[in-house]
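Quick notes on the structure that follows.
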Amino acid sequence: MTLTAPQENSSVTSPSLFRRTAPWFALGVLVAAGCAKSSTSSPGAAPAPSPDPRVGLKAGWTDAGEAKWNMRLVSNTPPSKDFLNPGNGGDRRLINSDLAFSGTHVFQGNYSGYQVWDVSNPARPTLASAYVCPGSQSDVSVYKNLAFVSGEATSGRLDCGLQGVPDSISQDRLRGIRIFDITDIAHPKYITSVQTCRGSHTNTLVTDPRDQENVYIYVSGSAPVRSSNELPGCTSGSMEDDPNTALFRIEVIKVPLAAPQTAKVVSSPRIFNDLAAVARHAENPADARPRPAGAPARPAPVGRGGPTQCHDITVYPAIGLAGGACGGYGLLLDIRDPANPKRIGAVSDSNFSFWHSATFNNDGTKILFSDEWGGGSAPRCRTTDKPEWGADALFTLTNGKMDFKSYYKLPAPQTSFENCVAHNGSLIPIPGRDVMVQAWYQGGVSIFDWTDIAHPTEIAYFDRGPISGTELVGGGSWSVYWYNGYMYSSEMIRGLDVFELTPSAMISQNEIDAAKLVRFDYFNTQNQPKLVWPTSFAVARAYLDQLARSNGLAADRIASVRKELARGESLSGMARSDALKALAQQLHLEATKSSDQTKAHMLAAEVGKLAGA
Amino acid sequence: MNGSFPRVLAGILPVAIAITACSGGGPASVRTTPAPDAGPARRLSPAEMVRADSGRPPYTRADVHFMSGMIGHHAQAVLIAGWAPTHGAGPSVRGLCERIVVAQRDEIGLMQTWLRARRETVPAADGSGGHQMPGMDHSMMMPGMLTPDQLAQLDRARGTEFDQLFLTFMIQHHQGALTMVDELMNAHGAAQDDTVFKFAADVSADQSTEINRMQLMLEALAGKPASR
């Protein structure tokens with residue numbers, strides 16, 4: 001959500017970024033030893049490097065120590081000239097924020113606008129556009145020729161000027177959504193803006209599978225409501241005194257694709273009304289106690305009668321659901337009518353401070369919520385910080401019911417000079433597994449497997465030392481998302497990082513190959529797309545590797561299936577089809593005796609599809 | 001990466017020109033009337049702007065009042081939350097207090113850093129170890145802070161009585177913080193500094209969430225919905 005103090009008198013020293021000709025960061029020599037350990041003979045239990053090389057990394061803005069395991073840094077690109085002060089990396093006006101993707105371009109929000117990177121060659125991103133337009137935090141979504149950018153700060157201007165808006169009531173102020181035409185990606189055109197009462201902290205693109213003419217934007221705003229003298233209708237009373245209060249609701253903007261300049265707020269759903277039975281799993285009785293059905297609205301303006309806002313909403317249109325991270329609650333919403341989302345479930349958790357965002361697993365049977373305790377400004381990964389605070393909470397999702405199973409928190413302790421808490425991430429499309437890559441600010445990037453939801457396990461990571469070794473300078477990975485084969489991380493002050501998985505006992509080359517088969521034309525993490533893999537030998541081999549890891553088939557059988565797959569692949573026409581059909585039938589038979597029947601059947605089915613391909 | 005920076009520089013030049021070209025008018029199709037002339041600030045890049053003001057964007061007395069006043073406000077929260085273990089608080093209130101202590105102590109550091117960088121007076125933020133409690137000095141009394149009487153009353157309470165009083169007073173305390181945020185946001189020229197704006201927005205979001213939680217805890221303690 002936010003970061004740290006401005007650090008105007010930062011002690012960070014850095015060689016000029018402008019004369020750098022070598023890679024921006026020295027590569028992770030510190031951890032080379034760690035990687036060798038990953039190829040042990042027991043693939044299910046490949047140990048992480050020990051001691052953890054993330055502990056004790058050298059501090060530095062541009063020359064911090066690095067630790068990595070099962071992934072590598074492909075490139076780091078510092079912010080472009082307009083968004084980089086070589087003398088001081090900590091000025092929060094130049095903070096990089098969230099990412100969205102379109103074709104070969106990455107949109108990187110910044111508190112002063114946004115940058116667009118051409119990542120046709122992920123090893124050498126080049127700047128396609130740098131659009132100056134302050135108004136934190138510039139959360140960005142893209143859809144075809146349109147980009148949507150969030151503005152929340154009271155200093156944001158309609159004309160994109162840098163001078164702020166001193167008047168507390170002003171028609172120059174923009175708090176809401178800016179809409180750009182990005183047909184010519186090098187020259188984005190500012191089409192219009194839609195003003196909202198609290199501005200937009202985050203925005204969520206909502207697509208309707210049954211409606212090709214419109215898209216929707218869910219606006220989450222967590223800042224105070226502005227004056228109705230500035231934007232008519234903006235009031236902040238209680239539900240009881242003020243039925244039209246701008247609190248206790250989200251805003252929905254409808255964007256007609258043929259006329260995006262006419263985008264406007266079409267509804268303000270009160271998804272928190274009568275927040276009744278809230279599931280409990282921690283000790284706090286307050287979490288458990290159902291509110292009486294039909295209880296009257298509460299008198300106090302704020303704090304009674306549920307949350308006043310959401311922080312972020314992740315929609316999964318393919319299954320008609322959304323996960324809302326809203327104040328002290330995780331909500332499940334039915335979004336089949338996108339303009340009128342309806343709450344169908346809610347959870348609370350006494351270990352959670354501020355519900356930040358949600359991620360579904362691909363088949364919609366699990367949901368993960370993160371807690372951004374401290375707003376991202378604070379060091380919440382120290383040895384003294386509890387593992388269930390500022391973490392992810394993992395729930396199973398069965399017929400609209402969420403059941404808590406476990407927490408996941410970055411397992412490596414960080415220093416008090418590193419802001420660190422759960423933040424933005426996405427699924428990695430490894431078929432047959434639930435794997436997620438997640439940003440933890442200066443805690444770095446952590447990849448974990450939550451297929452076994454009771455035991456989420458880290459399987460790869462990347463981390464840098466603190467920006468400063470003497471004070472907390474806010475920075476680190478704001479968000480990291482998988483997109484078309486690579487992972488892109490928005491480093492708040494160090495620029496754009498691109499990562500790649502490296503094969504290991506935890507993630508095989510076949511699994512990486514299969515993950516790379518999933519490709520999108522555009523991608524917004526909060527508009528979660530269904531991952532679909534094309535029929536391929538890589539997918540079959542990924543399942544086979546997973547069966548090897550789980551001992552779901554005997555080792556010698558795994559080896560022989562590998563040979564038969566290779567033979568099938570080398571054949572063509574009927575010969576290939578017959579060989580693979582026979583293999584598929586045999587595998588289905590064996591699957592019934594496997595200790596990992598589901599996966600064994602998935603392998604057999606994939607081979608069957610290959611036979612018919 | 002090797003040698004890519006010159007390309008990056010070359011890439012932004014046309015963009016920079018395009019941006020300067022429209023200064024003064026703003027994007028033509030924006031619905032609301034843009035500022036007639038945004039002035040020279042419009043022509044600076046954000047990076048140049050940051051260099052020009054040495055990382056200290058304009059701020060007002062209202063910003064200073066908020067940042068320094070909130071230090072004392074937070075310090076009182078840290079003080080009374082610190083009583084949970086010695087005053088027989090139940091597990092729920094103890095957990096809440098533990099989090100309040102960690103959270104608000106960190107935020108005090110943030111406010112002090114901001115004030116120090118501007119050479120403004122940095123109020124002390126400790127409970128002075130003895131009974132020099134924050135809030136005793138009326139000149140620093142901010143909205144919602146416990147009066148000396150309320151502090152003494154809470155200090156005398158134990159067990160469930162402490163829990164109930166603590167929650168009641170902390171709701172009052174948090175609501176005062178929301179009032180402070182409101183006052184800040186409505187003051188001319190205030191909260192233009194991103195640090196101040198984000199901190200104030202965080203206080204608003206976090207503390208309204210916590211008020212909601214504390215209301216539920218109070219109801220749970222009472223065994224019935226709190227009186228309305």
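The sequence lines fix the lettering, A, B, ..., with proteins before strands; numbering per chain opens at 1. These values consider heavy atoms only, across backbone and side chains, with no hydrogens, waters or symmetry-generated copies. What you see is a predicted model; the values in this text were computed from it and never measured.
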Given the options A/S112, A/G164, A/G327, A/A153, which has more heavy-atom pairs under 4.5 Å with chain B than any of the others? A/A153

Side chain A/T154, main chain B/A191, donor-acceptor under 3.5 Å: yes

Tell me whether B/D193 is salt-bridged to A/R92, with the criterion being a basic N under 4.0 Å from an acidic carboxylate O. no

Ignoring hydrogens, what is the shortest heavy-atom contact between B/A201 and A/A223? Give both atom names and the distance. CB-CB, 4.0 Å

Drop me the distance from A/I169's CD1 to B/N186's CG, to the nearest 0.5 angstrom. 7.0 Å

Test item: B/H188 and A/P166 side chains (from C-beta on) under 4.5 Å apart, heavy atoms: yes

Taking side chain as everything from C-beta outward and backbone as N, CA, C, O, which of these in A/R178 sits under 4.5 Å from a heavy atom of chain B? Side chain, backbone, both or neither. neither

Smallest heavy-atom separation, A/P224 atom then B/V181 atom, equals CG-CG1, 3.5 Å

Rounded to the nearest 0.5 angstrom, the CZ-CG distance for B/R51 and A/D91 is 11.0 Å

Can you check whether A/S227 reaches B/M185 side chain to side chain, under 4.5 Å on heavy atoms? no

Looking at A/R93 and B/D53, does any basic side-chain N land under 4.0 Å from a carboxylate oxygen? yes

Contact between A/P307 and B/T209 at the side-chain level, heavy atoms closer than 4.5 Å - yes or no? no

Side chains of A/W373 and B/V102 in contact at under 4.5 Å (non-hydrogen atoms): yes

Contact origin within B/A200 toward chain A - heavy atom pairs under 4.5 Å: neither

Within the structure provided, determine whether A/N85 and B/E48 are in side-chain contact (heavy-atom separation under 4.5 Å). no

Could you tell me whether the side chain of B/V50 reaches within less than 4.5 Å of the side chain of A/N88, counting heavy atoms only? no

What are the two closest non-hydrogen atoms of A/L94 and B/A47, and how far apart are they? CD2-N, 4.0 Å

Greater than 12 external heavy atoms within 6.0 Å of B/R105's CZ: no

Min side-chain heavy-atom separation A/S377-B/K198 under 4.5 Å: no

Rounded to the nearest 0.5 Å, how far apart are CG of B/L96 and OG of A/S350? 10.0 Å

Does any backbone or side-chain atom of B/E210 lie under 4.5 Å from a heavy atom of chain A? Answer side chain, backbone, both or neither. neither

Report yes or no: does B/Q192 contribute a side-chain atom to a donor-acceptor pair with the main-chain N or O of A/V165 at less than 3.5 Å? yes

Tell me, for A/Q115 versus chain B, whether the close heavy atoms (under 4.5 Å) come from the side chain, the backbone, both or neither. neither

Side chain to side chain contact (heavy atoms under 4.5 Å, CB included) between B/D202 and A/F354, intermediate numbers included: CA-CA 10 Å; B/D202 272 3; A/F354 191 76; over 6 Å; no

Please classify the contact between B/V93 and chain A as side chain, backbone, both or neither, with a heavy-atom cut-off of under 4.5 Å. neither

Are A/S353 and B/R213 packed together at the side-chain level, in the sense that at least one heavy-atom pair is separated by less than 4.5 angstrom? no

If you take all heavy atoms of A/Q309 and B/S208, which pair is closest and at what distance? OE1-OG, 4.4 Å

